[in-house]
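Position 1 is the first residue of the sequence; numbering continues from there. Only this structure's heavy atoms are used, side chains among them; waters, hydrogens and symmetry mates stay out.
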Amino acid sequence: MLSKNLLKLIRSLEVKKYRKESALFVAEGEKLVKDLLASDVECIKVIATEEFSSHSYREKCPEFITVSDEELKKASFLRTPQGILGIFKQKNIDFDPTLPERELCLALDDVQDPGNLGTIIRIADWFGIENIFCSIGTVDIYNPKTVQATMGAIARVNIHYVDLPQFIKAQKKSVPVYGTFLDGKNIYEHSLSANGIVIMGNEGNGIGKECEKCISERILIPNFPIGRPTSESLNVSTATAIVCSEFRRRVK
């Protein structure tokens, strides 16, 4: 049975302020909860309908509560609840500012849409990018919509919130910093590095002026055929997928 206090806790985690205060977040759906339970993300408790009560979830969480469909519906942030919901502790991640010297990292400059952030994390996971540096103005990683869109990748990709321009300025001059612009060099012809930072910008405004000053490699995802009238821009998560794919295709 779902107590009033537990329901109140779960519903409070829709709000960033309370997520920050409690250092907790909610994940919903069988695949997402299963991936998190299999990771080093600490589980607090799982609530689920009878359908999931005989699964191995019981062994992997300190508290398992079986609830009715109606109770789960009250707790769920989804329009159509998926039968299982977990409460987890937010990850404690060591911050290492030298990571871009050794590996390819993404940087997000004020990405606002929770779905875009979640999809970008999923893309990073697919292409083996383990660290993303987000500006303070980027949407919260633990927003329920973001968590849902990661499809479990949140367990494997580290998200760091930083003063992004300062973080980039503090890098060694030898660390390449890439950004996509309409006046950039064709990504399919430009040399790419196995390490460094790739900055992706805000949905409406692109990369901000402060971060733009830090970019050493301006690249372009060209439309085809070049010169043909086309859409003004690509969705930021779509652009991220194209950029990451090209880096991994050419730089092993």
Side-chain angles (χ1 to χ4, degrees), residues 1-49 51-67 71-72 74-78 81-97 99 103 105-106 108 114-115 117-126 128-134 136 138-162:
M1 183 176 174
L2 189 62
S3 70
K4 289 182 179 179
N5 285 341
L6 180 53
L7 178 59
K8 184 178 179 181
L9 170 64
I10 293 169
R11 296 306 308 182
S12 74
L13 296 177
E14 192 171 18
V15 180
K16 181 178 179 180
K17 173 187 173 182
Y18 298 119
R19 290 196 297 270
K20 188 173 182 180
E21 287 178 359
S22 64
L24 300 174
F25 71 98
V26 169
E28 298 190 60
E30 183 176 12
K31 183 187 185 307
L32 183 50
V33 171
K34 191 175 180 179
D35 277 4
L36 287 169
L37 287 172
S39 73
D40 58 359
V41 179
E42 186 178 346
C43 177
I44 301 300
K45 61 187 69 185
V46 169
I47 68 170
T49 58
E51 178 186 353
F52 294 92
S53 63
S54 62
H55 289 221
S56 58
Y57 303 122
R58 288 180 178 275
E59 303 165 10
K60 297 179 180 179
C61 62
E63 187 176 358
F64 187 99
I65 302 170
T66 304
V67 297
E71 286 177 308
L72 187 65
K74 289 178 183 178
S76 177
F77 300 134
L78 302 178
Q82 296 182 15
I84 185 166
L85 178 154
I87 303 172
F88 295 87
K89 278 194 176 180
Q90 296 180 15
K91 293 198 293 183
N92 249 335
I93 302 170
D94 293 330
F95 175 66
D96 181 355
L99 282 169
E103 61 186 64
C105 302
L106 287 176
L108 305 182
L117 176 57
T119 302
I120 288 169
I121 293 168
R122 191 175 175 187
I123 290 164
D125 187 34
W126 182 263
I129 296 172
E130 297 179 351
N131 290 278
I132 300 177
F133 295 91
C134 297
I136 302 301
T138 294
V139 65
D140 180 25
I141 169 60
Y142 295 112
N143 180 301
K145 291 179 181 178
T146 301
V147 173
Q148 204 66 27
T150 70
M151 291 295 289
I154 189 174
R156 295 175 291 275
V157 179
N158 298 320
I159 310 299
H160 314 268
Y161 285 85
V162 297

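No side-chain heavy atom of Gln82 sits under 4.5 Å from any side-chain heavy atom of Glu28. For the pair Lys60/Cys43, no side-chain contact is recorded, criterion being any heavy-atom separation below 4.5 Å from C-beta on. Residues Ile47 and Leu6 are in side-chain contact: their nearest non-hydrogen atoms beyond the backbone lie under 4.5 Å apart. Counting only heavy atoms from C-beta outward, the side chains of Asp35 and Arg156 approach each other to under 4.5 Å. Using a 4.5 Å heavy-atom cutoff, the side chains of Phe25 and Lys89 are not in contact. With contacts defined as side-chain heavy-atom distances shorter than 4.5 Å, the pair Phe133/Phe95 qualifies. You'll find the side chain of Cys105 reaches within 4.5 Å of the side chain of Asn131, heavy atoms only.
Side-chain N or O atoms of Lys91 include one that pairs as donor or acceptor with a backbone N or O of Ile154 at under 3.5 Å. Between the side chain of Thr138 and the backbone N or O of Leu108, at least one donor-acceptor pair lies under 3.5 Å.
Residues Met1 and Val67 come closest through the heavy atom pair C-CG1, 4.3 Å. Across all their heavy atoms, Val33 and Gly86 have their closest contact at CG2-N, 4.0 Å. Of all non-hydrogen atoms in Leu117 and Tyr161, the two that sit nearest each other are CD2-OH, 4.0 Å. Across every non-hydrogen atom of Tyr18 and Ser12, the tightest pair is CB-O, 3.4 Å. In plain terms, the two heavy atoms of Ala75 and Ile10 that are nearest each other are O-CG2, 3.5 Å. Closest heavy-atom contact between Ala153 and Ile121: CB-O, 3.8 Å.
To the nearest 0.5 Å, atoms CD1 (Ile84) and CG (Leu72) are separated by 9.0 Å. Going from atom CD1 of Ile120 over to atom CD1 of Ile129 covers 11.0 Å, rounded to the nearest 0.5 Å. The distance from atom NZ of Lys31 to atom CG of Leu36, rounded to the nearest 0.5 Å, is 9.5 Å. The CD1 atom of Ile44 sits 5.5 Å away from atom CG of Leu24, with the distance rounded to the nearest 0.5 Å. Between Ile132 atom CD1 and Asn158 atom CG the span is 9.5 Å, to the nearest 0.5 Å. The structure places CG of Leu37 at 6.0 Å from SG of Cys61, a figure rounded to the nearest 0.5 Å.
Annotation: side chain to side chain donor-acceptor pair (under 3.5 Å) contacts involving residues 139-153, sequence neighbours excluded, comprise Arg19-Asp140.
Evaluation of the side-chain contact (heavy atoms from CB on, under 4.5 Å) rule for Glu63 yields Lys45, Ile65 as partners, not counting sequence neighbours.
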